[in-house]
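Read the structure below first, then the notes.
Remember, it's a predicted structure, so these values are computed and weren't measured experimentally.
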Amino acid sequence: MSKKKNKPEKSIKLLKDAEQTVTSDYITGDSLDELLSKLIRSVEAAKASRGGLPEKIWMKQQFSVGVNDVTRVLERMPAAAASHSVCSTEAPTSTARRRAPLVPLQAVMIAADCNPKWLTKHIPTLASTRQVPVLCLKDNKGSSLRLGQVANVRTALAIGIKARDSIINKTVDEVLKDYYKPVADEQ
């Protein structure tokens with residue numbers, strides 16, 4: 001006697017499709033060099049206007065650095081489909097009062113040279129449910145090293161750019177227009 005397991009095959013297929021569409025295109029070569037140099041220039045320009053904040057605190061306000069931090073911020077963001085149906089009449093819990101206010105992510109950058117791959121495999125799917133664009137960087141020289149230069153750390157497998165009104169966000173908007181323009185034209 002064999003039992004049939006009820007598997008939500010449709011939802012699994014949707015998640016796999018979303019992951020494949022997000023990670024199918026890598027940014028490589030000259031476009032990667034241009035992207036990273038634009039971001040580094042905008043970070044340097046924004047540092048000049050940071051006020052009296054120490055650099056480490058200022059960077060934490062601008063970026064979510066590392067796989068764990070990016071995942072944590074994405075999980076705290078409301079899902080795109082559920083964000084419209086959330087009731088705002090609920091009283092905030094005591095843990096929500098203690099946390100710092102949530103700053104959503106504008107975009108996520110992932111280094112493709114991650115080994116083992118499962119460390120970052122969940123991020124594109126999670127980001128797609130929150131409607132956060134993902135830029136996958138692939139470089140023979142070590143994209144994790146180059147990605148770390150943006151946030152002034154040695155290496156980074158994932159960096160989330162927090163949505164604030166800064167020079168960095170304007171640069172990311174320009175970059176996203178360049179990379180996601182063909183996708184919008186096809187639809």
Legend entry - Summary of side-chain hydrogen bond (donor to acceptor under 3.5 Å, both in side chains) pairs that have at least one residue in residues 148-164, sequence neighbours excluded: E55-N152

Legend entry - S37 side chain vs D33 backbone, donor-acceptor pair below 3.5 Å: yes

Inset, instruction - Test V67 against H122 for side chain to side chain contact (heavy atoms under 4.5 Å, CB included), laying out the working first. - result: CA-CA 10 Å; V67 175; H122 66 284; 3.8 Å; yes

Legend entry - Inter-residue atom distance K60.NZ - I57.CD1, 0.5 Å rounding: 11.5 Å

Legend entry - Under-4.0 Å salt bridge between E34 and K38: yes

Legend entry - Q106 side-chain N/O to V172 backbone N/O, donor-acceptor pair under 3.5 Å: no

Legend entry - Test item: side-chain donor near acceptor, S166 and N169, under 3.5 Å: yes

Legend entry - T120 versus P124, closest heavy-atom pair with distance: O-CD, 3.4 Å

Legend entry - Side-chain heavy atoms of L36 within contact of L137, under 4.5 Å: yes

Legend entry - Minimum side-chain heavy-atom gap V43-Q62 below 4.5 Å: no

Legend entry - Reported CD1-to-OH distance for the pair I110 and Y26, which is rounded to 0.5 angstrom: 9.0 Å

Inset, instruction - With sequence neighbours excluded, tell me which residues meet salt bridge (Lys or Arg N to Asp or Glu O under 4.0 Å) with D173. - result: none

Legend entry - Salt-bridge criterion met for K47 and E44 (N-O under 4.0 Å): yes

Inset, instruction - Please report the closest heavy-atom contact between V132 and M77, naming both atoms and the distance. - result: CG2-CE, 3.6 Å

Legend entry - Any donor-acceptor pair under 3.5 Å from S64 side chain to D69 backbone: yes

Legend entry - Heavy-atom closest pair, residues A156 and A111: O-CB, 3.9 Å

Legend entry - Heavy-atom side-chain proximity of T71 to I123 below 4.5 angstrom: yes

Legend entry - Nearest-0.5 Å distance that lies between atom CG in L74 and atom CG in L126: 4.5 Å

Inset, instruction - Would you name the heavy atoms of K117 and A112 that are closest together and state the gap between them? - result: NZ-O, 2.7 Å

Inset, instruction - Check L147 against M109 and note the closest heavy-atom contact, atom names and distance. - result: CD1-CE, 3.5 Å

Inset, instruction - Treating Ile, Leu, Val, Met, Phe, Trp and Tyr as nodes and any side-chain heavy-atom pair under 4.5 angstrom as an edge, say whether L135 and L145 lie in one connected cluster. - result: no

Legend entry - Flag side-chain contact, heavy atom, 4.5 Å: L105 against R130: no

Legend entry - Pairwise distance CG(N140) to CG(D113) - rounded to 0.5 angstrom: 9.5 Å

Inset, instruction - Taking all non-hydrogen atoms of both residues into account, name the closest pair between L176 and P133 and its distance. - result: CD1-CG, 3.7 Å

Legend entry - Straight-line distance of L35 CG to D30 CG, nearest 0.5 Å: 12.5 Å

Legend entry - Whether over 12 other heavy atoms sit under 6.0 Å from K56 NZ: no

Inset, instruction - Identify, with sequence neighbours excluded, every residue that meets side-chain contact (heavy atoms from CB on, under 4.5 Å) alongside A45. - result: I167

Legend entry - Heavy-atom side-chain contact between L32 and R146 under 4.5 Å: yes

